[in-house]
**Q** 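There's a structure below that I have some questions on.
Reminder, nothing fancy here: chain letters follow the sequence lines and each chain counts from 1.
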Number of protein chains: 2
Amino acid sequence: MSDSKTTLTNAVHDLLRRAIIEQALKPGMRLPEDTVGEQFGVSRTIVRHALVRLENQGLVITRRNRGAFVAEPSKEEAQHVFEVRRCLENEVIRILCRRMPGSGYDQLEAHVRSEEKVKGKDGPVSIRLAGEFHVLLAELTGNDVLARYVSEVVLRCSLIMSMYARNHSSDCAVDEHSQIIEAIRAGDEQRAIDIMDHHLGAVAGRAELSPKPDSIQSILSHYGKELAQ
Amino acid sequence: MSDSKTTLTNAVHDLLRRAIIEQALKPGMRLPEDTVGEQFGVSRTIVRHALVRLENQGLVITRRNRGAFVAEPSKEEAQHVFEVRRCLENEVIRILCRRMPGSGYDQLEAHVRSEEKVKGKDGPVSIRLAGEFHVLLAELTGNDVLARYVSEVVLRCSLIMSMYARNHSSDCAVDEHSQIIEAIRAGDEQRAIDIMDHHLGAVAGRAELSPKPDSIQSILSHYGKELAQ
DNA sequence: GGCAAGTAAATTGTATCCAATTGACGAAAT
DNA sequence: ATTTCGTCAATTGGATACAATTTACTTGCC
C-alpha cells in the first residue's frame with residue numbers, strides 16, 4: 001500500500017501497526033523506543049518517527065516523558081470512532097453505487113474468496129482481512145482522502161474490537177460482505193447502506209474482554225524477521 | 001487546542017500550520033529543515049517531527065531526499081477533500097440538530113460576532129476565523145474523532161482556496177454561518193444541511209490563481225517571535 | 001511498621017554528527 | 001549546438017551523544 005517510500009521509518013511503522021492490529025501487541029502495552037529499536041535493529045530515531053505517526057492515527061498514545069503505549073480506547077472514544085466510520089462508509093457506498101470502476105467487482109469478489117479461505121479460524125489473518133475488505137471498498141471510490149480516513153477508522157475499530165469483543169467472529173462478516181457487494185451491484189443504495197449499518201452495528205454491540213499482557217521482545221522477534229533485507 | 005502538551009515540536013507544528021493557512025507560506029514553497037529550525041531557534045529534529053505531522057495532515061509533501069514543500073493540491077485532490085468535508089459536516093449538522101450542548105449557541109454567536117468584526121478585510125485573520133467556525137461546530141458534537149477529521153479537511157480546504165480562489169470573500173460566508181446556526185436552532189436538519197452544502201459548494205466552485213513565491217526567512221521571522229519564551 | 005524524603009536508574013526530549021542521495025552546473029565529445 | 005557524463009554542493013536519512021524529567025527504590029525518621 002504505502003511501500004513506495006521504502007524508508008526504514010515506514011517499515012517499522014507498518015510492522016508495529018500490523019502487530020497492534022493482529023493483537024500481538026495488546027492495548028496498554030508499553031513500547032519503549034530503544035527496546036523496539038533494538039529488536040528491529042534500527043535506532044531510536046526511526047522508532048520515534050513511527051510512533052509519532054501511529055499516535056496521529058490513534059493507535060498509540062504517548063505520555064510526556066513516559067513513553068508510548070498501545071492505545072486503550074475508552075468506550076466513549078469507541079463510540080466516536082464507530083460514528084465516524086458509519087458516516088464515512090455510507091459515503092463510500094453512495095459513491096460506489098453511482099460509479100464502480102471496471103475491475104471493482106472482480107477485486108471485491110477475489111477478496112471475499114480469500115476471506116472464506118480462512119473462515120472459521122479467528123486468527124490474526126482473518127481479523128486483518130475483514131478490515132481490508134472495507135479499505136478496498138473505500139479505495140475503489142478513487143477518492144484517496146476518503147480511503148485514507150476509512151483506513152484509519154477501520155484500523156482503530158480493529159483495535160477496539162480486540163478490547164471489547166469476545167471474538168471477531170468473522171463468519172457472519174464474510175456473508176455480509178457478499179451481501180454488500182450484491183446490493184451495490186444491484187444499485188440498491190439504501191439496501192447496501194442498511195446492510196453496512198447492520199454490519200457495523202452488529203460489530204459494535206459486544207461485551208467486554210480483559211486484556212492479558214505479554215513480553216514485548218518475544219512478540220516483536222517474530223515481526224522483526226521481515227526487516228532483515 | 002493542543003497546547004496541553006507544550007513540547008517544542010507542537011509549537012513549531014502550530015506555527016508552521018498557521019503560516020501555511022494564512023498564506024504566508026504559499027503552495028509549492030520549500031521548507032528546508034535547516035532554514036526553518038534556524039529561524040525558530042530549534043534543531044532539525046524538532047522541525048522534522050513537525051513536518052512529518054504536517055505531511056500526515058496533507059498540508060505539506062516530502063520528496064525523498066529532496067525535502068518538504070507546502071502542498072499543492074491538484075484539482076482532483078481538492079475535489080476529494082471537498083467531498084469528504086461535505087460528508088463529515090453533514091454528519092456534524094445531524095448530530096447538533098439532535099443534541100446541542102448548553103453553551104453551544106452562545107459560543108457560536110460569539111464566534112460569528114468576532115467574524116463580523118473583521119468583515120470586509122480579506123486578510124489572514126478572516127481566513128482563519130472562517131475555518132474555525134466549522135471546527136467549533138464539529139467540537140460541539142462532543143465527538144473528538146469527528147472534530148479532528150473536520151479540522152483537518154477544513155485546514156486543507158483553506159490551503160486549496162489559497163490556490164484556486166480569487167478571494168476568500170468571507171462577506172457572504174459570515175451571513176451563511178448565521179443562517180446555519182438558526183437552522184440548527186430551529187431543528188430544521190434538512191435546511192441546515194442545504195445551507196451548508198450551498199456554503200461549501202459555493203466555496204468550491206471558483207477559478208484559479210497564480211501563486212507568487214517569496215523569501216522564507218522574512219516570512220518566518222514574524223512567526224518566530226512567538227516562540228521566544 | 002508505615003510514611004516521607006532523597007537518590008539512583010530508566011526513559012524520553014533534544015541536539016549534533018556522519019553517510020547517502022539527489023539536483024545542478026559545467027566540461028567534453030559527437 | 002546538443003547531449004552526455006562527471007563532479008560538487010545542498011539537503012535529507014539515520015545514528016549517536018547529551019540533557020531533562022519521571023519513576024522507583026532505598027534509607028531514615030516518626
**Q** Separation of B:H49 atom NE2 from C:dA15 atom C1', in whole Å?
**A** 12 Å
**Q** Rounded to the Å, how far apart are B:F69 CZ and C:dT22 C1'?
**A**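 The distance from CZ of B:F69 to C1' of C:dT22 comes to 11 Å, rounded to the nearest Å.
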**Q** Does a side-chain N or O from A:T9 land closer than 4.0 Å to OP1 or OP2 of D:dG14, or not?
**A** yes
**Q** Taking only residues at least two apart or on different chains, which pairs with a member in residues 34-44 of chain A satisfy salt bridge (charged side-chain N to carboxylate O under 4.0 Å, His left out)?
**A** A:E33-A:R44
**Q** Treating primed atoms plus P, OP1 and OP2 as sugar-phosphate and everything else as base, which nucleotides of nucleotides 6-11 of chain D get B, S or - for protein heavy atoms under 4.0 Å?
**A** -----S
**Q** In whole Å, I'd like the distance from the CZ atom of A:R64 to the C1' atom of C:dA10.
**A** 17 Å
**Q** What's the CG-P distance between A:L8 and D:dT12, to the nearest Å?
**A**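 Interatomic distance, CG of A:L8 to P of D:dT12: 18 Å.
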**Q** Go through the N and O atoms of the side chain of B:R63 and the base of C:dG23, and report whether any donor-acceptor pair is under 3.5 Å.
**A** no
**Q** Evaluate the criterion side-chain contact (heavy atoms from CB on, under 4.5 Å) for residue pair B:R85 and A:V145; output intermediate values, then yes/no.
**A** CA-CA 10 Å; B:R85 175 172 176 177; A:V145 180; over 6 Å; no
**Q** Under the side-chain contact (heavy atoms from CB on, under 4.5 Å) criterion, do B:F82 and B:V153 qualify, and how do the steps go?
**A** CA-CA 8 Å; B:F82 273 107; B:V153 291; over 6 Å; no
**Q** Quiz question: by atom type and distance under 3.5 Å, do the side chains of B:T62 and B:E55 form a donor-acceptor pair?
**A**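 Checked: B:T62/B:E55 side chains pair up, N/O donor to acceptor below 3.5 Å.
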**Q** Check for me whether the distance between the ring centres of A:H111 and A:H177 falls short of 6.0 Å.
**A**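 Not close enough - the centres of the two rings lie 6.0 Å or further apart.
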**Q** What is the separation between atom CG on A:L51 and atom C1' on C:dT11, rounded to the nearest whole Å?
**A** 13 Å
**Q** Tell me which of A:S43 and B:R44 sits closer to the 5' end of DNA chain D, going by the nucleotide each one is nearest to.
**A**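 By nearest-heavy-atom nucleotide position, the 5'-most residue is B:R44.
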**Q** Nearest-Å distance, CZ (A:R48) to C1' (D:dG14)?
**A**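 Interatomic distance, CZ of A:R48 to C1' of D:dG14: 14 Å.
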**Q** Where do B:T141 and B:A138 come nearest, in terms of heavy atoms and distance?
**A** OG1-O, 2.5 Å
**Q** Let's see if you can work this out: which of C:dG13, C:dA15, D:dA15 has an atom nearest to the side-chain heavy atoms of A:I46?
**A** D:dA15
